[in-house]
Amino acid sequence: MDYLCHMLQRKTRVRFAPSPTGGLHLGGVRTALFNYLFAKRHQGEFILRIEDTDQSRFVPGAEQYILDSLRWCGLEPDESPEQGGPFGPYRQSERKALYRQQAERLVASGHAYYAFDTPEEIEAMREHWRTEEDPSPQYGQRLRMHMRNSLTLPSEEVQALLQSGHPCVIRLRMPADEVVGFEDMVRGHVEFQTAQIDDKVLLKADGMPTYHLAVVVDDYHMHITHAFRGEEWLPSAPVHLLLWKYLGWAEQMPQWAHLPLILKPDGHGKLSKRDGERLGFPVFAMDWRDPASGEVTRGFREMGFLPEAFVNMLALLGWNDGSGQEIFSLGELVATFSLDRVHKGGARFDFEKAKWYNQEWIRRTANQQLLPLADSVFRDHGIDVDPARLAEAIPLVKDRCILLTDFIPQAAFLFRAPLAWDKPSIAAKWNPQRQRFFLDWTEELAAGHGEWTATTLEQSFQAAATAAGIKAGELQLPLRIMLVGGKYGPPVFTIAALIGQRETYARIRRALQELDAGT
RNA sequence: GGCCCGUUGGUCAAUCGGUUAAGACGCCUCCCUUUCACGGAGGAAUGAGGGGUUCGAUUCCCCUACGGGCUACCA
């Protein structure tokens, strides 16, 4: 009972534990997001732990990238390698001693053993025992007595090998015939037969722990209460459960939740970086530059996504609140998120839907807030914009933008003359009379056009058209193309009003020349 | 091959035994607009198959099929 009370009062602590091997994948961000939402929903803590136990896969810069990506998404950890915390270090490579100590403890209690087999010997074993029914024989209860380990070798020899510095790993000794089950927070009861599971390596020859040992040792020491990870980890859950038990920490074991996978939009399997390249959409949160190859993989951020949209989209991939609401701010997600509404099946990633979320978020984001973002998009494209004019432009074009980068095609013409014109569309409505009209009207503009507003301009245009005996509507499209370059954008006279008298005149005259040259 | 998880329209998905099986994306039609969008109205499109349980199954159980994951001294 005391214990129960203690458990109930335990502060919620979850961790996101990526390994720094490259860019942060969509699925990784979603796992981080679900962790974050759950933690905040329960007034708990969200911890970032770097799982860098595989030295061969370490990629410089990846850790910083992860930190930056989480920050961009608004998922700030409460404890991390960067800011530290009461249960650090938060990088597994810096906690090395901890793992050996626990692994030795398992050897002492008989739940683990030393194994001296070389990779070649293990390969030979697989070769030897391979059959059609068992294409990949496991180092486990059936075969471990045929291998070189502290279970088969005399203890003097084990001691000698240990002292000689012979490469040695520590393996978990899987019990012969037990059923290991648990309640998964998204899947319900799940169980496994230990007979099917091999003797997992716990401590590698280089002294580093494998994931299996590291997760449980760290989750224990960091007082993690709930552990969420992708479904690909489900088959190794029994290994972890047993470890919690053998280490004597079963009472403190976190509750597990295995999240559904994010699948390829087409074909089969889980979404990978390659799919994005193949299908033309980002998979990483932000641009990732591989330090070895120099190759850059596009990210959602650089492609023009708002972090709010990215996060919103990710949250709804595998979760919904049942109400039909689809647009959620991070705060709203925190308020409504619950694990029991997480879908069990994997979800195909749909870039079209992702874009829709972004479009919605651009529309909902305050113009004031959009200003610096649009400004930097223009800057990145080498277009100098007047902030005051940009501020006027944003409400005019935001509804037409799906990505932030759409501000370029949708508004660049407000800052510089078009580089090309949709001439065929003018040609369809062109004749000498109309050309004459534009010559005359620009003349009139140059002569001085009182108040320069969309309304007065439209009036003068109308009047001139009527005087020339042409329907104004027939002239509007040509005018638009002269000013904008194509058939898009806000109302023409609003554009003319914004770019000013001089520029309007110049663009029409320039386009007229261009048209002459073209005919 | 073995083990585990999953399966409602093209996609994301609601439904927690009784519904005309929501909603959204995308697609199509129309309206608004002499641009493009936005917006509005409408449309096509879903319970993998077979057994049970039940007065009644999309919903519960079993089998099959299909999909996915794992099967490393990677995470």
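Convention: sequence-line order gives letters A, B, ...; per-chain numbering from 1.
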Over how many whole Å does the gap from L477(A) atom CG to C36(B) atom P extend?
8 Å
From the options C12(B), U35(B), C73(B), select the nucleotide whose nearest atom is closest to the side chain of P491(A).
U35(B)
Give me the distance, rounded to whole Å, that separates A65(B) from A21(B) when you measure between the C1' atoms they each carry.
24 Å
With rounding to the closest Å, how many angstrom separate the C1' atoms on G50(B) and G42(B)?
39 Å
Pick the P atom in G52(B) and in U58(B), then give their distance to the nearest Å.
15 Å
Hey, does Y488(A) have a side-chain heavy atom less than 4.5 Å from the side chain of R400(A)?
no
Atom C1', compared across A24(B) and C31(B): separation rounded to whole Å
22 Å
Any donor-acceptor pair under 3.5 Å joining the side chain of K353(A) to the base of A24(B)?
yes
How long is the line joining CE of M208(A) and C1' of A75(B), in whole Å?
13 Å
Under 4.0 angstrom, heavy atoms only, what part of the nucleic acid is P260(A) near: base, sugar-phosphate, or nothing?
nothing
At under 4.0 Å, does any side-chain N or O of Q359(A) touch on OP1 or OP2 of C38(B)?
yes
Mind calculating the distance between CZ (R148(A)) and C1' (C73(B)) to the nearest angstrom?
15 Å
Under 6.0 Å from the six-membered ring centre of F438(A) and within 45° of its axis: does the NZ or CZ of R434(A) meet both?
no
Nearest-nucleotide pick for E232(A), side chain only, options being U11(B), G39(B), G69(B):
G69(B)
Among the nucleotides C73(B), G1(B), C74(B), which one has an atom lying closest to any side-chain atom of V201(A)?
C73(B)
Give one of base, sugar-phosphate or nothing for A205(A), where a contact means two heavy atoms less than 4.0 Å apart.
base
So G345(A), base contact, sugar-phosphate only, or nothing? Heavy-atom distance under 4.0 Å.
sugar-phosphate
Side chain of D350(A) - closest among C74(B), G10(B), C3(B)
G10(B)
Quick one: label Q325(A) by what it contacts on the DNA or RNA (base, sugar-phosphate, nothing), any heavy atom closer than 4.0 Å.
nothing
Do Q102(A) and R105(A) have a side chain donor and acceptor closer than 3.5 Å?
yes
Among C74(B), A14(B), C25(B), which nucleotide sits nearest the side chain of D54(A)?
C74(B)
To the nearest angstrom, how far is N320(A) atom CG from A22(B) atom C1'?
12 Å
From the options C73(B), U34(B), C3(B), select the nucleotide whose nearest atom is closest to the side chain of E474(A).
U34(B)
Which value, in whole Å, describes the distance between the P atoms of nucleotides U59(B) and G51(B)?
14 Å
Protein-nucleotide distance (E326(A), atom CD; A22(B), atom P), rounded to Å
16 Å
Considering only G1(B), C38(B), C70(B), which nucleotide approaches the side chain of P235(A) most closely?
C70(B)
Provide the distance between the two C1' atoms, one in U19(B) and one in A14(B), to the nearest whole Å.
12 Å
Please state whether the phosphate of A75(B), meaning OP1 or OP2, lies under 4.0 angstrom from any side-chain nitrogen or oxygen of K200(A).
no
Distance check: side-chain N/O of T194(A) vs OP1/OP2 of C3(B), anything under 4.0 Å?
no
Complementary nucleotide for G39(B) - Watson-Crick or wobble, under 3.5 Å:
C31(B)
Of the candidate nucleotides A13(B), G69(B), C25(B), which contains the atom at the shortest distance from the side chain of L261(A)?
G69(B)
For Q410(A), answer base if it contacts any base atom (sugar-phosphate contacts may also be present), sugar-phosphate if it contacts only those atoms, and nothing otherwise; contact means non-hydrogen atoms under 4.0 Å.
nothing
V190(A) side chain: which of C4(B), C12(B), C73(B) is closest?
C4(B)
Need the pair for A72(B). Rule: Watson-Crick or G-U wobble, both distances under 3.5 Å, any strand; none if unpaired.
none
Remember a base hit wins even if backbone is also touched, and classify G318(A) as base, sugar-phosphate or nothing at under 4.0 Å, heavy atoms.
sugar-phosphate
Under the 6.0 Å and 45° cation-pi test, does K423(A) pair with W421(A)?
no
Going by heavy atoms in the side chains, are L339(A) and W319(A) under 4.5 Å from each other?
no
Searching all strands shown, indicate the nucleotide that pairs with U8(B) (Watson-Crick or G-U wobble; both distances under 3.5 Å).
none
Does some side-chain heavy atom of L330(A) sit less than 4.5 Å from a side-chain heavy atom of L33(A)?
yes
Value in whole Å for how far the C1' atom of U33(B) lies from CZ of R400(A):
11 Å
Same-atom distance (P) from C63(B) to C4(B), integer angstrom
11 Å
N/O (side chain, R341(A)) to phosphate O (OP1/OP2, U15(B)) under 4.0 Å:
yes
Under 4.0 Å: is that the gap between some side-chain N or O of T53(A) and OP1 or OP2 of A75(B)?
yes
Would you call the rings of F281(A) and F349(A) parallel, tilted or perpendicular if under 30° counts as parallel and over 60° as perpendicular?
tilted
Starting from P on C70(B), measure out to CZ on R229(A) and report it in whole angstrom.
13 Å
Would you say C73(B) has OP1 or OP2 under 4.0 Å from some side-chain N or O of R171(A)?
yes
By the 4.0 Å heavy-atom rule, please label D117(A) as base, sugar-phosphate, or nothing.
base
Let me know, please, whether R57(A) or K270(A) comes out on the 5' side of the other along RNA chain B by nearest nucleotide.
K270(A)
Does H343(A) have a side-chain nitrogen or oxygen under 4.0 Å from the phosphate oxygens OP1 or OP2 of U8(B)?
no
Do you see a donor-acceptor pair shorter than 3.5 Å between the side chains of R15(A) and N35(A)?
no
Assign Q476(A) to base, sugar-phosphate, or nothing according to its heavy-atom contacts below 4.0 angstrom with the strands shown.
nothing
What is the distance, to the nearest angstrom, from the CD atom on E183(A) to the C1' atom on C5(B)?
15 Å
When rounded to the nearest Å, what value does the distance between C1' atoms of U33(B) and C25(B) take?
25 Å
Going through the distances and angles, do K273(A) and D290(A) end up as a salt bridge (charged side-chain N to carboxylate O under 4.0 Å, His left out)?
CA-CA 12 Å; K273(A) 179 185 115 181; D290(A) 184 272; 5.9 Å; no
Less than 4.0 angstrom between a side-chain N/O of K204(A) and OP1 or OP2 of A75(B), yes or no?
yes
What orientation do W233(A) and H240(A) show, parallel under 30°, tilted 30 to 60°, or perpendicular over 60°?
tilted
Of the nucleotides C25(B), A13(B), C3(B), which has the atom closest to the W356(A) side chain?
C25(B)
Assert: residue with more 5' nearest nucleotide on RNA chain B, out of R187(A) and R363(A), is R187(A)
